[in-house]
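Owing to the predicted nature of the structure, the values given are computational and were not obtained by experimental measurement. To find a chain, count down the sequence lines: A is the first, B the second, and so on, and within it residues start at 1.
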Amino acid sequence: MTVRTRFAPSPTGYLHVGGARTALFCWLYARKHGGTFVLRIEDTDLARSTAESINTILEGMTWLGLEYDEGPFYQTERMDRYRGVIQQLLGEGKAYHCYCSKEELDAMRAEQLARKQKPRYDGRCRDRRELPADGREPVVRFKNPLTGSVIVDDLIKGRVVFDNAELDDLIIARSDGGPTYNFTVCVDDMDMNITHVVRGDDHLNNTPRQINILQALNAPLPVYAHVPLILGTDGQRLSKRHGAVSTMQFRDEGYLPEALLNYLVRLGWSHGDKEVFSVDEMIELFDIKDVHRSAAAFDPEKLLWLNQHYIKSSDPMHIAHHLSWHMGRLGIDPTAGPDLVEVVLAQRERAKTLAEMAENSAFFYRDFDGYDEKDASKHLKPEALGPLNALREALAQAPEWTAVAMHEIVNRTAETHGLKLGKIAQPLRVAVAGRAVSPPIDVTLALVGRERTLRRLDAAIDHIERKSAVA
RNA sequence: GCUCCCUUCGUCUAGUGGCCUAGGACGCCGGCCUCUCACGCCGGUAACAGGGGUUCGAGUCCCCUAGGGAGCGCCA
């Protein structure tokens, strides 16, 4: 039997990291077993589904590289099929019309709660004969078995047993005829020949209902794997209020897709002490059975560490490609300055995100607005004038503008002035970078280039002179 | 309230009865390196939720308690 998994988000928001991880697990499982990964959009809630959500979800999947083999299928395009199956169930006596009003149901629930019972429909319309006179439209309810139990042999949670007595006759079609979630899932999983249902464990309680429906449909049962959800840093369930949970937000903040994927796969899953996994390694080593049963908290610090790890160790060309996108976001044209690959090489050990790297590299491509105040007052002082002037002169005559040549000139100037390297490198750094932080000074000069360096040195010298004149 | 799920350092986890005076990773703290910021290297801090069993022996098996989460919709 060929493995077929599906990821079935409802388009009522963006793709959050919990969903992304579920999608990753589904995808890995399919890839590992040479199976098929199906994408299905569960958009039966017309009021809350939006085309925009669908686009961000698709965009997120693409960015992460979780390509699907079939789909996306839209439930809204399968309404006729659902209606047909509902009729079939009705005809076979496996479902029935229910005319209970909202008020009636609310009263029932309130009473059950008051008696400290689990609220559930009591099945009073199961054998209803005459229709109410007001001609109201009924809903359709599924006849859940009254006795016995449902066994779920979950790949992650193990064997879980539910008593049918705990379940009730759930609504499968609304009074407007629209099918409901628990029902469409069953029809789709059946029609799409899904063999493995990998989803969030908030669905574990739905599983026995779905199994009962599937059985009423004479459909083969898929294998289930309920993955625990992701918690926020505070241990609470991750939600829209807990900050950066949107997949695309991670891209915008400068994370690499491979870093997010690596972080996500290690959340609830491990392979010994191994921390770093390429996508190929994930596919090779991942096994749904090794997924933890308990929820895991999202730790932004560790994600940051992984991101930096990939920035540091990936092919600079690859990083440059992503960096280019971030430079563009800052309004910088990466062709108007040094080769981005050189920039990556200079910056990759001092940036945890690409957004940070882009910001810290802007001065290679365009003039900065002004000096960092603290750094300027500390390093651009009158005593720096001599060295800076000497540097200006020496650099102007540099036969070639390379890091090696820069190194030579800066060191020699420091020596002739009897200064430690730091005493000369720092003023120089502030002069060309605008602040006291940058890659090694020789590399920095090489990247800034001759013209910009000399211009900025003049400006710095001018800055010091004007300041001391005022004082 | 009822049903179901979960519980090893702050966090992610290793651990499948003896190899555990509990290992790794992130973070944090200290040191080294050093032209800044970083990187790197070295060292340190820190956990089996509690209580009962079973067993020669329990983080590992069983039971109970506590705590956390989910579900109980004409939402998905």
What's the closest nucleotide to the [X] side chain, out of [options]?
X        : options             : result
A/Lys118 : B/C4, B/C2, B/A25   : B/C2
A/Asn205 : B/A70, B/U36, B/U13 : B/A70
A/Leu229 : B/A76, B/U11, B/A70 : B/A70
A/Val160 : B/C4, B/A76, B/C37  : B/C4
A/Leu421 : B/C35, B/C39, B/A76 : B/C35
A/Ser10  : B/C74, B/A76, B/U11 : B/A76
A/Ser270 : B/C39, B/U13, B/C74 : B/U13
A/Ala425 : B/C35, B/A70, B/G1  : B/C35
A/Asn182 : B/A76, B/C12, B/C4  : B/A76
A/Pro440 : B/U36, B/U11, B/C72 : B/U36

Please tabulate, for the side chains in residues 105-112 of chain A, all donor-acceptor contacts under 3.5 angstrom to protein atoms that are two or more places apart in sequence or on a different chain.
from	atom 1	to	atom 2	distance (Å)
A/Glu111	OE2	A/Arg115	NH2	2.9
A/Gln112	OE1	A/Arg120	N	3.0
A/Gln112	NE2	A/Arg120	O	2.8

How do A/Asp442 and A/Lys157 order along RNA chain B: which one's closest nucleotide is nearer the 5' end?
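Its nucleotide being nearer the 5' end, the pick is A/Lys157.
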
5′-ward residue of the pair A/Leu113/A/Arg159 relative to RNA chain B
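It is A/Leu113, whose closest nucleotide lies nearer the 5' terminus.
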
Honestly, is A/Arg141 close enough over A/Tyr121, meaning NZ or CZ under 6.0 Å from the six-membered ring centre and within 45° of the axis?
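Geometry flag: set, cation within 6.0 Å and 45°.
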
Ring-face cation contact, A/Tyr310 with A/Lys312, 6.0 Å cut, 45° max
no

Would you kindly give the [atom1]-to-[atom2] distance between [X] and [N], to the nearest whole Å?
X        : N     : atom1 : atom2 : answer
A/Tyr99  : B/C74 : OH    : P     : 17 Å
A/Lys420 : B/U36 : NZ    : C1'   : 13 Å
A/Ile171 : B/A76 : CD1   : P     : 11 Å
A/Asp153 : B/C5  : CG    : P     : 13 Å
A/Arg199 : B/C5  : CZ    : P     : 16 Å

Do [X] and [N] have a side chain to base donor-acceptor pair shorter than 3.5 Å?
X        : N     : result
A/Arg120 : B/C2  : no
A/Asp273 : B/G23 : yes
A/Ser175 : B/C74 : yes
A/Glu275 : B/G24 : yes

What does [N] pair with, Watson-Crick or G-U, if both distances are under 3.5 Å?
N     : result
B/C26 : B/G10
B/C37 : none
B/A70 : B/U3
B/C19 : none
B/A58 : none

Sequence neighbours excluded - ring-ring contact (aromatic ring centres under 6.0 Å, His included) pairs with any residue from residues 150-187 of chain A
A/Tyr181-A/His203

Would you classify A/Arg48 as touching base, sugar-phosphate or nothing, given that sugar-phosphate means primed atoms plus P, OP1 and OP2, and contacts are heavy atoms under 4.0 Å?
base

Between CG on residue A/Asn144 and CG on residue A/Asn212, distance to nearest 0.5 Å:
4.5 Å

Taking the six-membered ring for Trp, are the ring centroids of A/Tyr255 and A/Tyr263 within less than 6.0 Å of each other?
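They do not qualify: ring centres at least 6.0 Å apart.
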
